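Indexing begins at 1, ligand by ligand and atom by atom, following the structure's order. The chain is numbered in sequence order, starting from 1. Predicted model only: the values in this text are computed from it and were never measured.
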Amino acid sequence: MCGIVGYVGFQRALPILMQGLKRLEYRGYDSAGLVLVEKDGLVCEKCVGKIACLEEQILGKEYMATEGIAHTRWATHGEPSVINAHPHMDSKDKIALVHNGIIENYRALKAFLENRGHRFKTQTDTEVLVQLIEEYYEGDLTEAVRIALSQVEGTYGIVVIASHEPGKLVAARQGSPLVVGNGNGENFVASDMSAVLEYTKRAVYLEEGEIATVTPENFEITNVDRSLLRTPQIEEISWTLDQIEKGGYEHFMQKEIHEQPATLRNAIRGRLNFEEGIPRLNGLNLQYDQLRKINRVIITACGTSWHSALIGEYVIEELARIPVEVEYASEFRYRSPIIEDGTLLFVISQSGETADTLAALREARKKGATVLGICNVVGSSIARETDGGVYIHAGPEIGVASTKAFTSQVMVLYEIAILLARMRRMSLGEGAALLNYLEKIPNQVEEILQTEDRIKRIAEQYFRNNNFLYLGRGVNYPAALEGALKLKEISYIHAEGYPAAEMKHGPIALIDENMPVVVIALKDFVYDKVLSNIAEVEARNGKIIALASEGDTEIVDKVSEVIYIPHTHPLFTPILASIPLQLLAYHIAVLRGCHIDQPRNLAKSVTVE
Ligand code: G6P
């Protein structure tokens, strides 16, 4: 998510840090900042916006420090602002820290520190960490970091400096990657090697739970629990800068598809309360009795976010028994929507800036609706203007075709549906069982991603076709729509998604041997009906690519290709079904030589009508 770079050596740190930040800007860019260890103490420069703003701010400043840390932020807690930008400092401005990740127990730590007399200036989870280090500091920065981290739950990649220990960076990793770049008489720490590749190709990747103490001449790696002193394995990097930014993948879209086990974990981290069988979604800002009074839900969104809304409709109705309507934001804003007491409106937007969705939200608020947001970008316009909401925490999505944001939106909608259901008819046991299914999904996505080679081979057989049909039923009908949209967006192949049974009312006329039909045919209560739809396609020589439930051998003879999906609750299958559909679209588009990350005519964020 955020980008981190640190330097300790003999050169001026400022230009090195700035160059590093520019290289890391693709990871997030809502604000940026740096701290340098100058002769008379730490100096800090921060600003909101892209790295160019920080560059303007420091223009002409002759900082001579040879040590410093810098950060480009992708907000998770606290909106993008100068005060919330990293680095964060302790109360005496002697210790500074940059952080990538989420501190789950920051509320408890903050309460503890406030009792000890600490005062907080920001809304971030990160400030807790630097004040915790201050609390335990007794002359040894590495030791203070170690003690502080032993109390932290969550994920972090951090780099810390202290004015009273110049010439030393302390870095630690748990869940957020960090690498030490080893130079001659100088060392670097970064969230990825692209930040420092101009200066060194010698990399030492930190493992989970490790702390590195880095000086100009040396670096020492120990474990958070002090159990291990590792002899660092230096790797010589042969990748290009471009390859590194994409994590070794060909395109950002492919990287983002592969990030989904991690992004889905972020969407549930700290939120699954098994004891009560209720997801913790504090950002909704609604009390349980207010949630109980809701008798109608409207969800509005555009594009891929609209598809996740449709999945939300099935799941909220089924689990919570509340009527749900889904509207395109562009339609909703110009109608005179009926908003009554008890109507709750959700707006879903990855960017939080889509013009139609924002206008729909404003229209609904004018009519007195309570509006909640499901957004990725913290502090975005939609996130700011809603009454509350849930962040999906998927990190920056760069590929124009949305992948990881979609599955995280769906995951959050599952959490919302279970919460609403638990306020009504669902028992603790049922709630806990559903949370259990949710917890398993990231690992199941990982399993599916391992079948990428097989999906690529399927793509090789079908990429020359110019029309595709996608069929699904029930909660997987929106997954079929999303599968078709992915293919359309990046390969420019005409693709339509349809509820499987509707096929016979029109699209069946198009089916012949040149029209591959992708069918989501999982073992649920409409499985037999989908098999009948498959037979209808087969009878017309259509080629069928089926997504089937693991262990379903019956389907093999009836279709041309089978991709298996692991078992989960029937309502939760769309996340799993979407992964092979994303990969299929991706590989078909690659084989057709398309511009994967910037497809023609499309924009990542549509801020015009
Ligand atoms: C654009 C993007 C789509 C996205 C849609 C809605 O069309 O290309 O990928 O689904 O906008 O964007 P939002 O940021 O509101 O989710």
Which ligand 1 atoms, with their elements, are less than 4.0 angstrom from a heavy-atom of [X]?
{"X": "Ser305", "value": "10 (O), 13 (P), 16 (O)"}
{"X": "Ser351", "value": "13 (P), 14 (O), 15 (O)"}
{"X": "Val400", "value": "8 (O), 9 (O)"}

Aromatic rings [X] and [Y]: how do their planes relate, parallel, tilted or perpendicular, breaks at 30° and 60°?
{"X": "His71", "Y": "His86", "answer": "parallel"}
{"X": "Tyr462", "Y": "Phe468", "answer": "perpendicular"}
{"X": "Tyr586", "Y": "His251", "answer": "perpendicular"}

Hey, is ligand 1 close enough to [X] that some N/O pair sits below 3.5 Å?
{"X": "Thr304", "result": "yes"}
{"X": "Ser349", "result": "yes"}
{"X": "Ile348", "result": "no"}

Worksheet item: With sequence neighbours left out, what residues match Glu127 under salt bridge (Lys or Arg N to Asp or Glu O under 4.0 Å)?
Response: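 Glu127 satisfies salt bridge (Lys or Arg N to Asp or Glu O under 4.0 Å) with no residue once adjacent residues are dropped.
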Worksheet entry | Neighbour count >12 (heavy atoms, 6.0 Å) for atom CD, Glu452 | yes
Discussion item. Just checking Asn273: does its CG atom have more than 12 heavy atoms from other residues, nucleotides or ligands closer to it than 6.0 angstrom?
Written reply: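 Result for CG/Asn273: enclosed.
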Worksheet item: Does Leu602 come within less than 4.0 Å of ligand 1, judged by its heavy atoms?
Response: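 Flag not set, Leu602 not near ligand 1.
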Item to complete: Say whether Cys302 and ligand 1 are in contact under the criterion: heavy-atom distance to a ligand atom below 4.0 Å.
Response: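 Flag set, Cys302 near ligand 1.
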Fill in: Identity and separation of the nearest protein heavy atom to atom 1 (C) of ligand 1
Ala603 O, 3.5 Å
Discussion item. Give me the residue, atom name and distance of the protein heavy atom closest to atom 7 (O) of ligand 1.
Written reply: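 For atom 7 (O) of ligand 1, the nearest protein heavy atom comes out as Val606 CG2, 3.8 Å.
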Discussion item. Tell me if the aromatic rings of His258 and Tyr249 count as close, with their centers under 6.0 Å from one another.
Written reply: yes
Worksheet item: For Tyr492, is the NZ or CZ atom of Arg592 found under 6.0 angstrom from the centre of its six-membered ring and inside 45 degrees of the ring axis?
Response: no
Discussion item. Could you work out, for atom 12 (O) of ligand 1, the closest of Thr354, Ile374, Val377, Leu485 by heavy-atom distance?
Written reply: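 Checking each option, the heavy atom nearest atom 12 (O) of ligand 1 is found in Thr354.
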